[in-house]
Every structure is written in structure tokens, then in C-alpha cells.
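These notes concern the structure reproduced below.
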Amino acid sequence: MSQLSDRYKPQDVESKTYKWWEENSYFEAQDTSTKPPYCIILPPPNVTGFLHMGHALDHTLQDVLIRWKRMSGFNTLWLPGTDHAGIATQSVVEKDLAKQGIKRHDIGREEFVEKVWEWKHQYGDRIVSQMKRLGDSCDWSRLTFTLDEGVSKAVRKVFVDLYKKQRIYKGTRLINWSPKLESAISDLEVEYKDVKGSIWHIKYPLSDGSGYLTAATTRPETLLGDTAVCVNPTDERYKEHIGKTVELPLVGRKLKIIADDYVDKEFGSGVVKITPAHDFNDYEIGQRHQLEMLNILNKDGTLNENAPEKFQGLDTKKAREQVVSELEEQGLLLKVEPYTHSVGHCQRTGCVVEPLLSEQWFVNTKDMAIPAKRVVESETIVFEPESWTKTYLHWMNNIQDWCISRQLWWGHQVPAWYCSDCQHITVKEQDPAECENCNSKNIQQDEDVLDTWFSSGLWPFSTMGWPEETEAQKTFYPTNVLVTGHDIIFFWVARMIMLGLEFKQDVPFRTVYIHGLIRDSQGRKMSKSLNNSIDPVEMIEEYGADALRFTLMSQIASGRDIKFSTQRLESSRNFMNKIWNAARFALNVLEDFEPPKEEPLTAVSSRAHLSDADVWIIQKTGECEKAVDDALSNMRFSDAAGALYDFVWHEFCDWYLEFIKPVVYGDKPEEKAATQLVLSQVLNRVVRLLHPFSPFISEEIYQKLPIKSEACVIDQYPTVKNDKTWLALGVEDVAFEVDVTRAVITAIRNIRGENRISPGQKIKAKLIPHADKGQKILGKGQSSIMTLAGLAECEIVSEADKNKCAVTPVVLKDISIDVVIPLEGLVDFEEEIKRLEKNIDKLSKEENQISKRLSNDNFVKNAPDEVVEEAKQQQASLQQQIESLKSSLLRLK
RNA sequence: GCGGACAUAGCUCAGUUGGUAGAGCACCAGCUCGACACGCUGGUGGUCAGAGGUUCGAGUCCUCUUGUCCGCACCA
């Protein structure tokens with residue numbers, strides 16, 4: 001015992017163990033194998049990012065599955081990667097340069113990209129080493145970065161292919177523009193937030209001088225880009241004005257009054273100003289009516305030359321103030337009202353997004369959405385929890401074209417070259433030397449890069465060597481499970497499904513496991529601004545990776561968020577320590593143990609000497625294996641963790657280790673040897689069962705076991721099927737007998753506790769079994785009962801004088817035993833009277849309920865026979881117990 | 001506006017075809033009993049958000065109400 005500390009110290013174990021696993025290549029998958037494949041692709045984290053709690057959860061889920069399947073005989077591949085994360089990474093480097101007073105435009109594209117690469121080389125390992133600290137058992141030999149050559153090839157091939165199929169096109173459309181990024185962003189990157197603002201009602205004078213129309217707006221500065229006003233064609237108030245014009249305030253332009261069904265007669269004045277270049281609805285109206293699209297914004301969100309000179313160069317906020325004040329001066333402002341409306345914000349920078357008319361690259365997703373919908377409808381791909389299916393299908397049904405070009409420098413540059421001579425666009429996988437149309441050498445590559453999600457969307461096959469034909473793809477595509485949060489179902493999951501079907505003609509994965517978010521202990525999102533983020537690496541340092549992993553797994557419930565608290569972590573850490581100490585005890589007991597020569601894990605030769613407790617723990621091990629297997633098969637991770645916790649703590653430690661102490665400290669070598677064998681076998685299974693959840697401590701203990709093979713990480717996962725021979729040693733009837741013994745011990749302990757009999761005080765007990773079977777059980781359990789209940793004497797009798805005694809009836813199935821403890825001289829009877837009254841009260845309530853049920857004719861008539869029968873038995877048993885307690889009470893009073 | 005999720009012990013959550021509520025933490029009482037005080041033993045906590053319905057029987061199924069959260073759409 002001396003060589004092991006009585007505290008489990010994760011830091012002594014984790015890094016050395018991980019290194020050893022890596023050195024032995026235990027995580028590496030085989031491209032070809034006779035084993036069945038099992039593959040998960042890791043959602044690639046931002047290459048220069050930190051590991052956060054969301055990753056910890058996401059990765060632990062995947063690692064549990066992977067380790068479980070690896071131990072279950074699968075050729076497992078957990079394919080890791082990192083993402084160049086275009087906007088995020090570029091922003092970080094830009095911020096860093098800004099500290100030195102440098103802007104990216106100062107140093108130019110080439111040098112800037114060089115700086116980002118430097119940054120990547122400096123910080124790119126951090127996230128990987130953090131993943132290793134968590135215990136992620138990825139096949140690192142396959143680590144892929146989204147800008148790697150192979151992936152880049154895949155990206156170009158897909159782009160060119162889709163372009164040729166006319167699924168990718170270049171067009172001038174209204175897009176979401178982030179003035180801070182000076183780039184287009186996709187619909188998904190816009191976050192709508194309710195903002196308290198105002199609505200301004202503005203007079204638009206009729207050109208014929210007959211009055212004015214009133215249009216309301218929440219963005220008055222956009223009136224500078226108005227090219228029409230619009231009314232509902234059936235609106236009697238304005239019918240006569242349709243086709244006429246109004247004067248645009250502050251600008252003087254004549255605007256046509258048009259009619260369109262889009263306008264709601266009931267809303268406001270029923271007149272809408274139309275700014276086709278800066279509003280999505282207006283854009284559509286503009287297209288229907290062939291209106292001029294007047295772009296009034298520069299890239300940085302300031303007003304451009306299409307606005308009157310005095311507004312040029314102002315940002316939208318200042319322009320708004322000035323427009324409003326001028327309207328007021330000219331008496332064109334009718335009223336201002338407070339108004340709350342939702343405003344699009346850039347997900348990355350938080351700035352207000354401006355709809356802007358701009359030329360960009362798009363993917364036409366409509367056709368690809370059709371098969372992507374079908375595979376989910378047909379359950380070829382299944383979402384867990386299932387409720388996400390609806391969300392996914394809804395989005396697919398309303399899918400918009402995907403704007404894939406970004407005006408950034410960090411990423412996959414669009415493989416399109418413009419000819420300055422013939423204007424032809426050459427789209428090619430290899431950099432062309434000349435225009436494919438006119439052979440001019442005067443060509444220039446498109447400056448834009450592709451949306452990061454474009455390359456991520458190819459991840460399930462680009463990481464496996466596509467477009468080359470590789471063994472890896474044959475073996476591992478489609479992958480089995482995708483584990484991720486719901487925030488990227490559209491960004492990533494949907495795109496992988498569409499692109500996988502398009503380019504691999506098969507789904508990328510079978511199951512999508514969507515987990516919740518990690519929140520703080522108050523249920524708030526973890527965020528920088530609230531400063532409530534918890535660093536998983538700090539948690540690992542303080543509590544150990546196993547404790548963190550176990551906490552997450554015991555709290556994860558399908559589709560629900562996790563409120564993370566260190567209290568739970570502490571409890572998991574205590575659990576790890578419990579296991580550690582149980583192992584410490586066991587290893588001490590096993591010091592002089594010599595494993596039998598024959599196949600040790602299923603050795604049955606010593607069956608004759610097995611104690612009831614041995615049989616019992618084997619039986620319970622089997623039950624635990626079944627529970628864990630069921631839970632993991634259904635991805636019910638908290639059930640699996642809970643089953644392990646209960647089994648290890650409350651069965652193995654609380655009872656089995658206590659039961660065997662007299663045996664292992666005793667003087668019967670055959671019994672001791674048998675128990676040693678069982679103990680070593682059970683502990684071996686305990687650590688293997690725990691391994692997916694707590695890989696470090698389980699490997700550490702495993703390596704010290706007298707019975708083991710090479711490594712826990714690659715040993716077989718214990719299941720009822722795999723353990724059939726050994727588990728056959730567990731006998732249900734014997735296990736039940738031990739359960740009766742436990743119940744008797746608990747009853748005595750209860751009497752002791754409630755009567756405050758000091759633990760050190762040895763007492764006498766009489767046990768009265770009401771049948772031969774009970775007598776036999778007590779006979780077998782007697783010595784355990786004496787030890788564990790602290791008895792000096794234990795008589796098994798058919799009848800006893802119960803005067804001045806505490807009496808507790810113990811009833812389990814068909815076994816009924818009265819536990820009788822003489823109290824005379826030990827305590828006064830007040831506590832015992834209280835205890836009895838409390839128990840009588842409790843049992844009477846139960847009995848009452850059952851009686852009520854049984855006296856209901858309809859229940860007896862309609863309920864299944866076995867339910868009625870069970871109720872009757874319960875009633876009889878309760879009545880008997882109550883009687884027994886009542887008579888004891890009388891004897892005390 | 002449409003859709004989804006949730007409401008169970010003080011806290012965090014289990015509760016899988018409807019059979020009469022469980023765990024961990026916290027709390028109370030007592031314990032150096034040859035692994036562990038990150039421990040051991042015993043114990044106290046619940047009108048299962050509210051109302052109605054189906055049923056012999058509802059935490060579980062249906063309807064409505066209230067409250068919380070999350071998507072999507074609209075927002076002149």
C-alpha cells in the first residue's frame with residue numbers, strides 16, 4: 001500500500017500515459033482491416049483558438065464513442081483536423097498588427113498572409129496539445145488542416161465542378177455586408193437582435209403640388225437611395241396617385257409612385273419608400289418593377305458619391321442624424337415615434353450589417369437540397385435528438401443561395417481568373433497561364449477567398465484523400481456519427497450532407513448527435529463579456545481530465561444544455577479518488593496472489609471456493625455491463641456514467657470490498673485465493689468499463705493489475721456477451737440471498753443509527769426467519785451480518801421474547817425476517833418509540849393507498865392480473881410489517 | 001407570426017412502451033471500523049408549474065393556461 005498515494009494525482013499519470021499511448025500507436029486506424037470500421041470526423045476547431053468547455057463536451061462524447069468502439073473490436077478512426085477559420089484568424093492577426101500600428105493594406109496581401117501563416121505556426125499546436133490533455137484518442141497521423149494541399153485540391157475541384165454544372169455562379173445581388181470586415185457574409189452569419197430605435201414619418205411632396213404622401217422608415221438615411229415609393233394597388237386612398245411622382249426630400253429626384261401587393265394597407269400610412277439597393281424587400285420590389293438600384297454606401301459603410309455631396313463620407317449613424325435634422329428644418333418630418341425592431345448584426349464583429357448590392361460568388365443550393373432532404377426524411381441520416389430533423393428540413397425547404405465569396409485574404413482564393421482583354425472568366429483547378437477563351441496572358445485571379453464553411457463542407461472526404469481514390473475512403477466513408485452542437489447544423493452539417501451526396505454519391509454520416517451548450521452554474525451562456533467562461537485546461541489541472549470528462553458525461557442528457565458547476569466536478573474527482581483507493585486496497589490484497597495458469601479472466605477452477613459475496617459481485621458486474629452496453633448503444637451517456645458510478649461505489653466498494661475483508665485477512669487459503677481471483681477479475685472489468693469515460697486512471701490501474709493484457713485502451717470492452725463464461729459464475733438466486741443479507745445489515749444499522757447506539761458498541765441481535773429458506777440465507781450470511789452490523793452475538797431463532805426490543809421486519813420478495821435487537825440497558829426507549837411511530841406512519845400511508853386501489857372494483861376488474869396480484873402481495877406484506885411494528889411499540893410503552 | 005424545447009426535493013438533474021417518484025450535491029445526527037474525511041453509517045426533504053380531459057390507474061398520453069429558453073420569418 002505504501003507505494004501508492006492515498007490521493008489520486010492526475011498530474012502524475014495523465015501526460016505520461018498519453019505519451020505512452022501515442023508511442024504505441026494505439027489510436028491509429030488501418031486503411032484496410034478485417035475489423036469492421038468505425039469512424040468519426042472531428043469538427044475541426046479554429047487552428048489558433050483555445051480549447052473551451054464546448055470542445056471539452058464535444059470531444060469527450062466522441063472520445064467515449066471511439067474508445068468504446070475501439071475496445072469493442074472495431075477498426076476505429078477518429079479523424080482530427082484544424083480549421084483556418086478565415087474571418088476569426090484574420091481578425092486576430094489584424095488586431096495584433098494594429099498594436100504595432102500596421103494595417104493589412106499597408107503591408108499588402110502577400111506579406112499579410114505570410115504573417116497569418118507565422119501566427120498559425122506559432123499557435124497551431126496549442127489547440128492540439130490541449131486536446132491531448134483532455135485525452136482525445138485521435139489518429140494524429142492523419143491530422144489535417146483546411147489549407148493543406150490535399151484539401152485545397154479538393155476545394156478547387158469542387159468549385160470548378162460546381163461552376164461547370166452552373167451550380168456556382170457569379171452575380172450582382174443584394175447581400176449582407178459587414179462594414180467592419182469590409183466583406184460579404186452569408187445569411188447565417190447575420191444575427192438579428194431587437195434594438196430600441198425610432199420610426200420617422202417623412203413627407204414626400206407630390207410633384208404636382210397637390211400635397212404629400214407620408215412614408216415611414218427606421219433608417220432615414222436610406223432615403224438618399226430611394227428610387228420609388230410604393231402603395232397597395234387596391235388602396236383607395238392612393239389609387240389616383242399611382243403612376244405619378246413625388247419629390248425625394250433633400251435630393252430632389254423624382255420618384256415614381258408604384259403599386260405592389262407587398263404593401264400592407266393597414267400598416268402605417270400605407271406608403272412605403274423603396275430603397276432597392278439597401279433593403280431585401282425593396283430589392284425584390286425593385287426587381288419586379290425594374291427600378292434603378294442606387295448604391296449609396298462605400299465598403300466601410302460610409303456614404304458614397306451617389307449621395308448628395310454634403311453627406312458623402314459620413315457613416316450611417318452621422319448621416320442619419322444629419323438627414324433627420326435637415327428634414328426637420330424643411331418641415332418634412334411629420335413625427336418620430338419610439339420603435340423596436342430587429343437589426344442584423346455581424347456575428348463576428350457585432351457591427352450592424354448593411355444590405356448592399358454587390359457582385360459575389362454564389363452556390364445555387366436548391367437542387368442539392370432535394371437529395372439532402374430526402375436522406376433525412378428516409379432516415380438514412382438520423383438526428384439525435386430527433387427534434388432537430390424538423391429544424392433541418394424547414395431550413396432546407398427555405399434554403400437560399402449561399403454567398404461563398406469573402407473579401408478577405410486568409411483562406412482559399414477563388415480559382416477564377418479574369419481576362420482583361422476579352423473579359424472571359426477562366427475557372428480552373430490548376431493556375432492557368434492564359435485565358436482559355438482568347439489565350440491572352442493578361443489574366444488576373446479573383447481577389448476573394450471562399451467562405452470557411454465551403455472547405456469544411458468537404459471535410460468528411462477531403463480529409464480522406466479525395467479527389468484521389470483512397471483505401472481510407474473505401475473503408476471509412478460514410479462515417480458513422482457526427483457529434484456537434486446545434487449552432488452549426490446549417491453552417492456545417494447541412495453543407496456536408498449536400499456536398500457529400502453531390503461528390504461522393506453517399507451520405508457523409510449515419511447519425512448526427514446534437515448536444516447542448518455548456519452554460520455557467522446560473523444557466524447563462526459562457527461569454528467573454530460576462531467573464532463567466534471556464535477554462536477546461538484549468539479544470540483539468542485542478543481536478544484531472546478524467547474527473548472533467550466524467551462530469552460532462554454524467555450530466556449530458558439528450559439535447560439538453562449543461563449547467564456546469566465545480567460542485568459536480570468535485571463529486572467526479574471524489575469518484576476518481578474512490579476508484580483509486582479501491583484499487584489501492586485491492587492491489588494490496590492481491591500482493592501475494594498468483595493468477596492461475598489457465599485463461600485467467602474466465603478461470604472457473606476455484607468455483608468451489610467462491611463465497612456468496614463473490615457470486616454476488618459477479619452477478620452485479622454482469623448487470624452493470626448490460627446497463628452500460630444498453631446506454632452506450634443508445635448514446636445515453638449519462639445513464640452509462642450513472643450505472644458505473646452506482647456499481648463501483650455502492651456495490652463494489654460499499655459492499656463487496658467490505659464483505660471480503662474477513663476472507664482476505666482470514667486464515668483460509670482456498671477461500672482467500674478464490675476471492676483474490678474474483679477481486680482481480682472484477683477490478684479488471686471495472687477499469688475497462690470505465691476506460692472510455694476515464695481513460696487515464698483506468699489505464700494506470702490496469703497496468704498494475706495482476707491479471708491484464710497489453711493495454712486497457714486496446715483490451716476488450718466487457719459485455720455480457722464477451723464475458724459469458726465468467727458471468728455464468730454469477731447465480732441470481734445466490735445474489736438474491738446476499739441482497740437479503742444486506743437488507744438485514746441495513747436494518748440493524750438503521751436501528752443503531754436511529755437509537756444513537758455508538759458504532760463502537762457491539763450489540764446482540766436475534767433474527768427470526770419466517771420460513772426455512774430465510775433460515776438458510778441467514779445461516780450463510782451470519783458472519784457477514786455480525787461483522788458489518790457490529791454484532792457481538794447473532795442468534796437465528798424461530799421465536800423470541802421481543803420485550804424491550806427494537807424490531808424491524810425485513811421483507812424481500814418471498815422472504816420475511818424479523819430483526820430483533822434487545823435495547824434494555826443500551827438506551828432509553830424514546831428514540832425507538834419515535835423510530836417505530838415514524839415507520840408505522842410511513843408504511844400505513846403506503847398500505848392505505850394500496851387498499852384504496854384494491855377496494856376499487858374497476859381496478860381489480862381491469863388491471864392486468866399480475867398488477868393486481870402484486871398489489872395484494874404488497875398489501876399483505878405491509879399489513880404484516882405494520883402489525884409487527886405496532887406490537888413492538890406496545891411492548892415498549 | 002410559425003416552429004421547437006423545458007417546468008420533478010434547497011440546487012443540478014434521472015425517471016424508455018401509463019402501475020403510484022429516484023440519484024448526486026447541500027442539510028441533520030453519529031463515526032479515526034486495518035482503501036479512501038475527496039471517507040464511513042444512519043436520517044430529513046417532493047400537491048411532479050396550474051387547470052381540465054382520456055383511463056381502473058397519469059410525472060408519463062391529450063387540451064388549455066402561466067412562466068423560462070431557443071430557432072425561423074416579418075418588421076414601412
Side-chain angles (χ1 to χ4, degrees), chain A residues 1 4 6-8 192 194 199-202 214-219 229-230 262-264 267-274 279 281-282 339-343 385 387-388 390-391 394-395 398 486-487 489-490 516-517 521 523 543 547 554-555 557 559-565 567-568 570-589 630 634 636 638-639 642 645-646 650 653-654 657-658 661 665 746 749-760 787-790 835 838 846 849-850 853 856-864 866-868 870-871:
Chain A
M1 200 150 305
L4 287 182
D6 66 354
R7 286 280 164 92
Y8 172 59
Y192 288 90
D194 275 348
I199 186 162
W200 287 267
H201 299 258
I202 300 163
T214 305
T217 179
T218 54
R219 296 187 296 155
V229 293
C230 189
Y262 162 75
V263 178
D264 177 2
F267 193 97
S269 63
V271 180
V272 183
K273 61 188 267 316
I274 304 297
D279 182 282
N281 290 310
D282 293 6
Y339 194 77
T340 301
H341 60 134
S342 82
V343 177
S387 57
W388 290 106
K390 210 167 174 177
T391 310
H394 181 258
W395 187 75
N398 296 285
H486 58 75
D487 48 338
I489 291 178
F490 308 140
L517 255 54
S521 57
Y543 298 93
S554 60
Q555 275 196 266
R560 287 185 66 148
D561 291 349
I562 288 180
K563 283 183 199 167
F564 188 87
S565 74
Q567 232 176 34
R568 283 297 275 250
E570 258 178 56
S571 137
S572 299
R573 181 257 268 138
N574 296 351
F575 181 48
M576 295 305 135
N577 194 53
K578 186 76 181 174
I579 296 161
W580 181 254
N581 275 292
R584 207 158 65 93
F585 169 73
L587 291 171
N588 186 47
V589 166
D630 284 353
N634 293 300
R636 297 179 63 101
S638 61
D639 285 359
Y645 186 95
D646 282 343
H650 298 307
C653 292
D654 284 354
L657 295 185
E658 297 305 324
K661 276 177 185 172
Y665 293 134
T746 303
R749 284 172 173 173
N750 174 276
I751 292 169
R752 299 185 65 122
E754 296 277 282
N755 283 292
R756 290 153 218 256
I757 299 170
S758 130
T787 317
L788 296 183
R835 188 184 78 93
K838 193 174 71 187
E846 272 181 57
Q849 278 192 328
I850 293 176
R853 228 188 312 160
N856 180 347
D857 286 345
N858 284 324
F859 171 70
V860 180
K861 234 189 306 179
N862 295 316
E866 66 265 26
V867 173
V868 177
E870 203 190 315

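Letters go in sequence order (proteins before strands), and every chain restarts at 1.
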Do [X] side-chain atoms and [Y] backbone N/O form a donor-acceptor pair below 3.5 Å?
| X | Y | value |
| --- | --- | --- |
| A/R636 | A/D630 | no |
| A/N755 | A/I757 | no |
| A/N577 | A/Y8 | yes |

Among [options], which nucleotide sits nearest the side chain of [X]?
| X | options | value |
| --- | --- | --- |
| A/V867 | B/C31, B/G19, B/A14 | B/G19 |
| A/V263 | B/C40, B/A76, B/C38 | B/A76 |
| A/D6 | B/U16, B/A37, B/A76 | B/A37 |
| A/D279 | B/C13, B/A76, B/G30 | B/A76 |

For [N], does OP1 or OP2 lie under 4.0 Å from any side-chain N or O of [X]?
| X | N | result |
| --- | --- | --- |
| A/K390 | B/G4 | yes |
| A/R749 | B/C33 | no |
| A/K578 | B/C40 | yes |
| A/R560 | B/A14 | yes |
| A/K273 | B/A76 | no |
| A/R7 | B/C38 | yes |
| A/H650 | B/G24 | yes |
| A/K838 | B/G43 | no |
| A/S638 | B/A14 | no |
| A/N750 | B/G43 | yes |
| A/Y8 | B/G39 | no |

Open item on the list: Using heavy-atom distances to pick each residue's nearest nucleotide on RNA chain B, tell me which of A/D194 and A/A586 is more 5'.
Closed with: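 Taking each residue's closest nucleotide, the earlier one in sequence belongs to A/A586.
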Task: Residue mapping more 5' on RNA chain B - nearest nucleotide basis, A/H394 or A/A216 - done: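 The 5'-side residue here is A/H394.
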Just the rounded figure in Å: distance from [atom2] of [N] to [atom1] of [X].
| X | N | atom1 | atom2 | value |
| --- | --- | --- | --- | --- |
| A/F575 | B/A35 | CZ | P | 19 Å |
| A/H486 | B/C6 | NE2 | C1' | 13 Å |
| A/N755 | B/C31 | CG | P | 15 Å |
| A/F490 | B/G3 | CZ | C1' | 11 Å |
| A/E658 | B/C36 | CD | P | 11 Å |
| A/D264 | B/A73 | CG | C1' | 16 Å |
| A/R756 | B/C31 | CZ | P | 11 Å |
| A/R568 | B/C13 | CZ | P | 8 Å |

Given the [atom1] atoms of [N] and [M], what is the spacing between them in whole Å?
| N | M | atom1 | value |
| --- | --- | --- | --- |
| B/C31 | B/U68 | C1' | 44 Å |
| B/A51 | B/U41 | C1' | 45 Å |
| B/C40 | B/C25 | P | 9 Å |
| B/U17 | B/C6 | P | 16 Å |
| B/G15 | B/G52 | C1' | 25 Å |
| B/U60 | B/G18 | C1' | 6 Å |
| B/C13 | B/U55 | P | 36 Å |
| B/A26 | B/C38 | C1' | 16 Å |

- [ ] Compare all side-chain heavy atoms of A/R835 with those of A/N750 and state whether any distance is below 4.5 angstrom.
- [x]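 Heavy-atom side-chain distance check passes, below 4.5 Å.
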Task: Side-chain heavy-atom pair A/S269, A/H201 within 4.5 angstrom cut-off - done: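 Sidechains of A/H201 and A/S269: no contact.
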- [ ] Kindly label the base of B/G45 as syn or anti, based on whether its glycosidic torsion lies within 90° of 0.
- [x]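 Syn conformation here, the glycosidic angle of B/G45 being no more than 90° from 0.
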Heavy atoms only: give me the nearest [X]-[Y] pair and the separation to one decimal.
| X | Y | result |
| --- | --- | --- |
| A/A582 | A/L657 | CB-CD1, 3.9 Å |
| A/K273 | A/R219 | NZ-O, 4.4 Å |
| A/D282 | A/D279 | N-OD1, 3.0 Å |

Open item on the list: Within 45 degrees of the ring normal and closer than 6.0 Å to the centroid, is that where the cationic atom of A/K661 sits relative to A/F585?
Closed with: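 Geometry flag: set, cation within 6.0 Å and 45°.
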Open item on the list: Tell me whether the NZ or CZ atom of A/R853 lies within the 45° cone about the ring axis of A/F859 and under 6.0 Å from its centre.
Closed with: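 A/R853 over A/F859 ring: yes.
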Open item on the list: Test of understanding: with ring-ring contact (aromatic ring centres under 6.0 Å, His included), list the residues that count as partners of A/H486, not counting sequence neighbours.
Closed with: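 With sequence neighbours excluded, A/H486 shows a ring-ring contact (aromatic ring centres under 6.0 Å, His included) to A/W388, given in chain and number order.
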Task: Stepwise side chain to side chain donor-acceptor pair (under 3.5 Å) test for A/D646 and A/H650 - done: CA-CA 5 Å; A/D646 282 343; A/H650 298 307; 4.5 Å; no
Please write out the pairs of protein N or O atoms and N or O atoms of nucleotides 55-57 of chain B separated by less than 3.5 Å, giving the distance to one decimal.
{"unit_1": "B/C56", "atom_1": "O4'", "unit_2": "A/N858", "atom_2": "O", "d": "3.4"}
{"unit_1": "B/C56", "atom_1": "O4'", "unit_2": "A/N862", "atom_2": "ND2", "d": "3.4"}
{"unit_1": "B/C56", "atom_1": "O2'", "unit_2": "A/N856", "atom_2": "ND2", "d": "2.9"}

Open item on the list: Can you see whether A/N581 engages A/R584 through a side-chain donor-acceptor pair at a distance of less than 3.5 angstrom?
Closed with: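 Yes, A/R584 and A/N581 have a side-chain donor paired with an acceptor closer than 3.5 Å.
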Task: Whether A/W580 stacks on the six-membered ring of B/A35 base, 5.5 Å and 30° limits - done: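 A/W580 vs B/A35: stacking no.
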TODO: Could you tell me whether A/T218 contacts a base, only the sugar-phosphate backbone, or nothing, with contacts defined as non-hydrogen atoms closer than 4.0 Å?
DONE: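 Answer is sugar-phosphate: A/T218 comes under 4.0 Å of backbone atoms only.
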- [ ] For A/D487, check side-chain hydrogen bond (donor to acceptor under 3.5 Å, both in side chains) against everything at least two apart and list the hits.
- [x]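 For A/D487, no residue satisfies side-chain hydrogen bond (donor to acceptor under 3.5 Å, both in side chains) once neighbours in sequence are set aside.
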Open item on the list: Once side-chain hydrogen bond (donor to acceptor under 3.5 Å, both in side chains) is applied, do any residues pair with A/S572, and if so which ones, sequence neighbours excluded?
Closed with: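 So A/S572 forms a side-chain hydrogen bond (donor to acceptor under 3.5 Å, both in side chains) with A/T551.
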Might you list the N or O atoms of the protein lying below 3.5 Å from N or O atoms in nucleotides 25-27 of chain B, with each pair's distance?
{"unit_1": "B/C25", "atom_1": "O2'", "unit_2": "A/Q567", "atom_2": "OE1", "d": "3.1"}
{"unit_1": "B/C25", "atom_1": "O2'", "unit_2": "A/Q567", "atom_2": "NE2", "d": "3.4"}

TODO: Write out the stems for RNA chain B, ordered by first number and formatted as range with range, counting runs of at least 3 consecutive Watson-Crick or G-U wobble pairs under 3.5 Å.
DONE: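 Looking at RNA chain B, the stems formed by three or more consecutive pairs are B:1-7 with B:66-72, B:10-13 with B:22-25, B:27-31 with B:39-43, B:49-53 with B:61-65.
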